[in-house]
Amino acid sequence: MKLQLKLITACTLLALGLGAHAAPLIIKYSHVVADVTPKGQAALKFKELAEKKLPGKVEIQVFPNSQLFGDGKEMEALLLGDVQILAPSLAKFGKYTKQIQLFDLPFLFTDIQAVDRFQASKEGQGLLTSMTKKGIMGFGFLHNGMKQLSANTPLGMPSDAKGLKFRIQPSDVLEEQFKAVGGNPQKLAFAEVYQALQTGVVDGTENPWSNIYSKKFHEVQKYIMESNHGVLDYMVIGNAKWWAGLPPDIQKGLTEAMKESITFGNKVAFEEDMAFRQKVIDDKKAKVLPMNKEHLQAWRTAMQPVWKKFEGDIGKDLIDAALRANGK
Ligand code: LMR
């Protein structure tokens, strides 16, 4: 009897003790790129900051390199609640909103600073809440950088792209962009790009320097053209329903950590883009070719019809706001 009482007391104390140290809330943050990229570093910074601001209350699990979910599955997983935070490229929202296709229009922004100005504008910020009804909330925009064209033949003029197969992100705008120069675009998940280039499933692609270097695309491409013809940036998003159900103190801590981690990631993007370019050059695997004004003008002219095609879906107001950010 005495032993029984002792056991009950011990169990009660144990239960009370456990109650005082409730398990932290697990938050999964999944993405498809390497840890060294601006997005990879921003995700790790978010983990560091959130766990510091909310000690014992949250545990952030970061899954890089498509380890948890690749391109095809991640949005679905977010909406099902299997993952809480993602940072897909702005080219991957076509199913949920047509407006964000804006960012894929070729030669829309003059440089990443212009992209930054647009994202900070009223119109840009409005896009963060444009998918709330679909269950997706935007925390903020995160930079990677301007895209460079790559292939196994030099692409000086747009006619050089004729008949070549290009890997693209799942974006109808990017599909039309390559069709406009006579190329054959193929939508492929990011995790499949290296092998597709290596085996000749596709002849070329487009990506910013950090992705080219960290995924070794320059080892399976002979030429990289410094085209800066478009942008590859991200929206960091969360499951809207999950977010709305979080206690206010957790929301506050996570909001702060997210803001600071995005600022950090953007700093990395600004500061390291040229360093990744240099690493690609130093590796001497692919030849990095500059594009002169005449070349760029020819590509711009060839791709210009894409704007008209998507103007109705995206909205002329939004395109004009983006152009204003260029200072034009
Ligand atoms: C791609 O698919 O090329 C990119 O969106 C990958 C990424 O997340 O930067």
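In each ligand, atom 1 is the first atom listed, and ligand 1 is the first ligand listed.
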### Message
Going by salt bridge (charged side-chain N to carboxylate O under 4.0 Å, His left out), name the residues that satisfy it together with Glu272, two or more places apart in sequence or in a different chain.
### Response
none
### Task
Answer yes or no: is there a donor N or O on one side and an acceptor on the other, between the side chain of Asn266 and the main chain of His143, under 3.5 Å?
yes
### Message
Please determine whether a side-chain nitrogen of the Lys or Arg among Lys92 and Glu74 lies less than 4.0 Å from a carboxylate oxygen of the Asp or Glu.
### Response
no
Please tabulate, one pair per line, all N/O donor-acceptor pairs under 3.5 Å involving side-chain atoms of residues 282-299, not counting sequence neighbours.
unit_1 : atom_1 : unit_2 : atom_2 : d
Asp282 : OD1    : Gln278 : NE2    : 3.0
Asp283 : OD2    : His218 : NE2    : 2.8
Asn292 : OD1    : Glu294 : N      : 3.1
Asn292 : OD1    : His295 : N      : 2.8
Asn292 : OD1    : His295 : ND1    : 3.4
Gln297 : OE1    : Arg300 : NH1    : 2.9
Gln297 : NE2    : Thr301 : OG1    : 3.3
Trp299 : NE1    : Gly156 : O      : 2.9

### Query
Strictly under 6.0 Å, is that where the ring centroids of Phe103 and Phe141 end up?
yes
Could you pull out every N or O of ligand 1 that sits under 3.5 Å from a protein N or O, with the distance for each pair?
unit_1   : atom_1 : unit_2 : atom_2 : d
ligand 1 : 2 (O)  : Lys92  : NZ     : 2.8
ligand 1 : 2 (O)  : Arg167 : NH1    : 3.4
ligand 1 : 2 (O)  : Arg167 : NH2    : 2.8
ligand 1 : 3 (O)  : Arg167 : NH1    : 2.7
ligand 1 : 3 (O)  : Asn207 : ND2    : 3.0
ligand 1 : 5 (O)  : Lys92  : NZ     : 2.8
ligand 1 : 5 (O)  : Gln169 : OE1    : 2.7
ligand 1 : 8 (O)  : Lys39  : NZ     : 2.7
ligand 1 : 9 (O)  : Asn211 : ND2    : 2.8
ligand 1 : 9 (O)  : Tyr234 : OH     : 2.5

### Task
Return the set of residues passing side chain to side chain contact (heavy atoms under 4.5 Å, CB included) with Lys215 (not counting sequence neighbours), or none when no residue passes.
Asn65, Phe190, Phe217
